[in-house]
Student: 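The structure is given below, and queries will be raised subsequently.
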Protein chains: 2
Amino acid sequence: MGTPLSRDPIADARRNWEEHGWADVAASMAAITAIMRTQQILLARIELTLKPFGLTFARYELLALLSFARNGSLPMKKASTLLQVHPTSITNAVDRLQDAGLVRRSPHPTDGRTTLVELTAEGRTLAKRSTAALNTGVFSDPGFEPDDIDQLIRILRDFRRNAGDFLGS
Amino acid sequence: MGTPLSRDPIADARRNWEEHGWADVAASMAAITAIMRTQQILLARIELTLKPFGLTFARYELLALLSFARNGSLPMKKASTLLQVHPTSITNAVDRLQDAGLVRRSPHPTDGRTTLVELTAEGRTLAKRSTAALNTGVFSDPGFEPDDIDQLIRILRDFRRNAGDFLGS
DNA sequence: GTTGAACCATTGGATGTCCTAGTATATTGC
DNA sequence: GCAATATACTAGGACATCCAATGGTTCAAC
């Protein structure tokens with residue numbers, strides 16, 4: 001982006017919190033704000049990598065999910081649940097992927113309420129190629145130390161479980 | 001926010017990566033995906049807490065930033081830099097905060113290119129009240145262990161520095 | 001001084017997310 | 001079997017974010 005700041009803005013915010021009598025929650029505020037900013041940086045990198053494929057991250061996630069499904073197809077609701085986004089976000093993504101010829105809708109064989117989303121041949125190819133691009137362009141050098149990656153995975157798994165994302169021990 | 005899944009979807013994705021020959025980047029993929037999901041959960045909590053005040057997180061951040069500024073005013077560009085968002089996002093936020101009577105625009109005394117944003121009395125009051133709500137409603141019980149919060153702050157600070165957010169040792 | 005490069009804010013366009021209905025189909029209870 | 005409830009998808013609206021382009025203003029080089 002722009003020129004680097006001379007100081008960490010989140011550390012400054014934490015100082016402000018401490019100086020205003022909120023020292024007890026200052027660290028928590030700093031951690032949460034840092035997660036927000038980190039997500040923003042990572043999303044920008046991912047979107048940049050996916051741009052040549054005409055994909056956004058939202059559409060890529062759906063494509064990747066379908067590529068791992070049994071027949072390359074899933075009910076819309078199932079995709080919404082697994083990707084943990086609002087059903088309307090899936091409708092939106094499927095609309096655009098369908099326009100691009102990467103997926104197609106089909107009725108569920110036994111449940112008239114349900115619509116299946118299915119990868120087309122082009123969709124499967126693009127899923128492979130874009131995943132390869134993300135692996136080499138983003139995931140292979142994420143900017144975290146290996147030990148820190150393990151820490152992150154553990155800390156965020158605990159958080160997500162406590163938040164009710166999934167059951168577990 | 002529906003029913004919890006029976007399995008961690010990110011752990012499943014990691015397994016898929018490993019089974020497709022991308023084991024070397026699977027952990028990194030899992031960590032990044034977990035950050036995305038964690039951000040989503042936290043943002044939802046924050047927005048829920050801010051809703052009674054008629055604020056979104058984007059507008060709250062600007063309000064809070066102004067409340068810590070010397071005269072309660074900053075150049076738009078400065079706000080954009082400190083909050084690390086695109087200038088147009090600031091324009092958008094200021095438009096809405098101004099409509100709500102919480103901030104006001106004024107010309108810069110010496111630089112004709114620059115516009116200052118300034119907190120109104122109502123804006124300052126709302127900043128205080130909404131910050132108190134976030135402190136008690138979100139930051140006081142973030143869902144991380146205290147030790148993990150310190151780990152997060154360190155890991156994400158290193159990441160942001162490496163990403164060019166700010167200079168530092 | 002003039003002129004051209006750099007900088008600031010805004011507008012318009014594309015996306016994505018969520019929420020609130022509204023429509024259609026399933027399932028459950030009596 | 002029929003009514004009441006639950007579930008699945010879609011349509012429309014509110015917001016936020018980014019990018020590209022536009023109109024002003026400032027600054028620096030000559």
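Letters A, B, ... are given to chains in the order of the sequence lines, protein chains preceding strands, and every chain is numbered from 1.
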Student: For Thr81(A), answer base if it contacts any base atom (sugar-phosphate contacts may also be present), sugar-phosphate if it contacts only those atoms, and nothing otherwise; contact means non-hydrogen atoms under 4.0 Å.
Tutor: nothing
Student: So, is Arg96(B) near the phosphate of dA16(D), with a side-chain N or O under 4.0 Å from OP1 or OP2?
Tutor: yes
Student: Where the side chain of Arg59(B) is defined as all heavy atoms beyond and including C-beta, which of dA9(C), dT10(D), dA16(D) is the nearest nucleotide?
Tutor: dA16(D)
Student: Choosing from dT25(D), dA9(C), dT17(C), which nucleotide comes nearest the side chain of Asp111(B)?
Tutor: dT25(D)
Student: Taking only N and O in the side chain of Thr56(B), is any of them less than 4.0 Å away from OP1 or OP2 of dA16(D)?
Tutor: yes
Student: Hydrophobic clusters here meaning ILVMFWY residues chained together by side-chain heavy-atom distances under 4.5 Å, can you tell me if Met36(A) and Phe139(B) are in one?
Tutor: yes
Student: Quick check: does any side chain N or O of Gln151(B) sit under 3.5 Å from a backbone N or O of Ile155(A), one acting as donor and the other as acceptor?
Tutor: no
Student: According to a strict under-4.0 Å criterion, is His86(B) in side-chain N/O contact with OP1 or OP2 of dC19(D)?
Tutor: yes
Student: Between P on dC8(C) and NZ on Lys78(B), what's the gap in Å once rounded to a whole number?
Tutor: 11 Å
Student: Nearest of dC9(D), dT17(D), dC8(C) to any side-chain atom of Gln40(A)?
Tutor: dT17(D)
Student: With nearest nucleotides of DNA chain C determined for Ala58(A) and Pro75(B) from heavy-atom distances, which residue corresponds to the more 5′ nucleotide?
Tutor: Pro75(B)
Student: Indicate yes or no for a side-chain donor-acceptor contact from Thr120(A) to the backbone of Gly101(A) under 3.5 Å, with no hydrogens or angles considered.
Tutor: yes
Student: Are Arg157(A) and Asp8(B) within salt-bridge range, i.e. N to O under 4.0 Å?
Tutor: no
Student: Quickly work out the Phe53(A) CZ to dT15(C) P distance and round it to whole Å.
Tutor: 18 Å
Student: Show me the pairs that pass side-chain hydrogen bond (donor to acceptor under 3.5 Å, both in side chains) and involve residues 17-26 of chain B, at least two apart or across chains.
Tutor: Asn135(A)-Trp17(B), Arg14(B)-Glu18(B)
Student: Do any N or O atoms from the side chain of Gln40(B) and from the backbone of Gln84(A) form a donor-acceptor pair under 3.5 angstrom?
Tutor: yes
Student: Rounded off to whole Å, could you give me the CG-to-P distance for the Leu97(B) and dA16(D) pair?
Tutor: 9 Å
Student: Side chain of Met76(B) only, heavy atoms from C-beta on: which candidate in dT17(D), dG24(D), dA9(C) is closest?
Tutor: dA9(C)
Student: Assign Thr91(A) to base, sugar-phosphate, or nothing according to its heavy-atom contacts below 4.0 angstrom with the strands shown.
Tutor: base
Student: Between P on dA9(C) and NE2 on His108(B), what's the gap in Å once rounded to a whole number?
Tutor: 9 Å
Student: Under 4.0 Å: is that the gap between some side-chain N or O of Thr115(B) and OP1 or OP2 of dC8(C)?
Tutor: no
Student: Any base atoms under 4.0 Å from Glu47(B), or only sugar-phosphate, or nothing? Heavy atoms, all strands.
Tutor: nothing
Student: Looking at dT10(D), I'd like to know if its phosphate oxygens (OP1 or OP2) sit under 4.0 Å from a side-chain N or O belonging to Arg105(A).
Tutor: yes
Student: Base, sugar-phosphate or nothing for Ser80(B)? Non-hydrogen atoms, less than 4.0 Å.
Tutor: nothing
Student: How many Å lie between CG on Leu62(A) and C1' on dT17(C), as a whole number?
Tutor: 15 Å
Student: Any donor-acceptor pair under 3.5 Å between the side chain of Thr88(A) and the base of dC19(C)?
Tutor: yes
Student: Whole-Å distance between dG16(C) C1' and Leu50(A) CG?
Tutor: 14 Å
Student: Rounded to whole angstroms, how far apart are CZ on Arg113(A) and P on dA8(D)?
Tutor: 6 Å
Student: I want to confirm an ordering. Mapping Leu116(A) and Gly112(B) to their closest nucleotides on DNA chain D, which one lands closer to the 5' end?
Tutor: Leu116(A)
Student: I need the CD1-P distance between Ile90(A) and dT17(C), as an integer number of Å.
Tutor: 8 Å
